[in-house]
Amino acid sequence: MAQPLRNQISAYVSRIKLLEIQLKPLAQVYADKVRSFPADKDKDQTIEFWRTLALHDSLMRVSNFIENNFSVIETLGVLSLTRYTFEMVVHLIDPAIK
C-alpha cells in the first residue's frame with residue numbers, strides 16, 4: 001500500500017476516534033434526560049422517554065463500536081459501524097428532527 005494512502009487512512013481513523021471522545025458526553029446528556037423523567041409507570045408509555053433512551057443507547061453503542069473496531073482496522077468492523085450509524089440516522093434522528 002502506498003504511503004500517501006496509509007497517511008490518509010490514518011487521518012480518517014484519527015478523526016473517527018476524536019468523534020468517540022465527543023459521543024460519551026453527549027450520551028451522558030441523554031442519560032441525564034432519561035433520569036429526569038418522572039418516576040412513575042406512565043413514563044414507560046411515552047414516546048419521548050423511549051426515543052431518549054434509544055438515542056442514549058445508540059450513542060453508547062457507536063462509541064463502543066469505535067473503541068473496539070478502530071484499534072486495528074478491519075473491513076467488517078468498519079461496515080458494521082457504517083450500517084449501524086445509517087440505521088440510527090434513519091430510525092432515530094430523522095424522526096426526532098420533524
Side-chain angles (χ1 to χ4, degrees):
M1 186 182 310
Q3 191 62 31
L5 186 56
R6 285 181 193 218
N7 292 342
Q8 189 176 13
I9 291 172
S10 293
Y12 288 136
V13 169
S14 296
R15 287 183 194 167
I16 291 170
K17 285 184 176 182
L18 285 174
L19 290 175
E20 178 196 1
I21 295 168
Q22 297 171 359
L23 288 176
K24 290 191 181 192
L26 184 57
Q28 186 61 44
V29 168
Y30 282 99
D32 294 341
K33 284 183 181 182
V34 168
R35 284 188 220 101
S36 72
F37 279 90
D40 58 8
K41 65 180 181 179
D42 292 335
K43 82 173 183 183
D44 293 343
Q45 305 299 320
T46 65
I47 293 172
E48 189 61 33
F49 172 78
W50 286 109
R51 180 176 286 149
T52 304
L53 185 63
L55 280 168
H56 168 262
D57 291 349
S58 297
L59 290 169
M60 290 305 298
R61 187 163 182 198
V62 168
S63 178
N64 289 337
F65 263 124
I66 293 170
E67 185 177 332
N68 295 331
N69 292 323
F70 282 87
S71 298
V72 175
I73 303 299
E74 296 177 356
T75 305
L76 193 55
V78 173
L79 287 175
S80 64
L81 175 62
T82 303
R83 179 177 175 221
Y84 189 77
T85 304
F86 173 74
E87 289 177 1
M88 192 172 90
V89 168
V90 168
H91 295 294
L92 294 175
I93 297 174
D94 188 47
I97 294 172
K98 292 179 182 176

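Just so you know, these numbers come straight off a predicted model, no measurement behind them. The figures that follow rest on heavy atoms only: side chains count, while hydrogens, waters and symmetry mates do not.
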Exercise: identify the closest heavy-atom pair between L23 and S63: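 Taking every non-hydrogen atom into account, CD1-N, 4.0 Å.
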Any residue meeting side-chain hydrogen bond (donor to acceptor under 3.5 Å, both in side chains) with Q8, in chain and number order, not counting sequence neighbours: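 Residues passing side-chain hydrogen bond (donor to acceptor under 3.5 Å, both in side chains) with Q8: Y12.
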Contacts of type side-chain hydrogen bond (donor to acceptor under 3.5 Å, both in side chains), residue N68, not counting sequence neighbours: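 Partners of N68 under the side-chain hydrogen bond (donor to acceptor under 3.5 Å, both in side chains) test: none.
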Assigning hydrophobic clusters by single linkage (Ile, Leu, Val, Met, Phe, Trp, Tyr; side-chain heavy-atom cutoff under 4.5 Å), is [X] placed with [Y]?
X	Y	answer
I9	I16	yes
I66	Y84	yes
M60	L26	no
L18	V13	no
L5	V78	yes

Between atom [atom1] of [X] and atom [atom2] of [Y], what is the distance when rounded to the nearest 0.5 Å?
X	Y	atom1	atom2	answer
Q3	S10	CD	OG	8.0 Å
K33	R51	NZ	CZ	11.5 Å
R15	L19	CZ	CG	10.0 Å
H56	D32	NE2	CG	8.5 Å
D57	M88	CG	CE	11.5 Å

Evaluation steps, side-chain contact (heavy atoms from CB on, under 4.5 Å), between K24 and Q28: CA-CA 6 Å; K24 290 191 181 192; Q28 186 61 44; over 6 Å; no
Main-chain N/O of L76 paired to S80 side chain as donor or acceptor, under 3.5 Å: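 Checked: pair present.
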Under the ring-ring contact (aromatic ring centres under 6.0 Å, His included) test, residues paired with Y30 that sit two or more places apart: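 None.
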Test side-chain contact (heavy atoms from CB on, under 4.5 Å) applied to F65 and T85, step by step: CA-CA 10 Å; F65 263 124; T85 304; over 6 Å; no
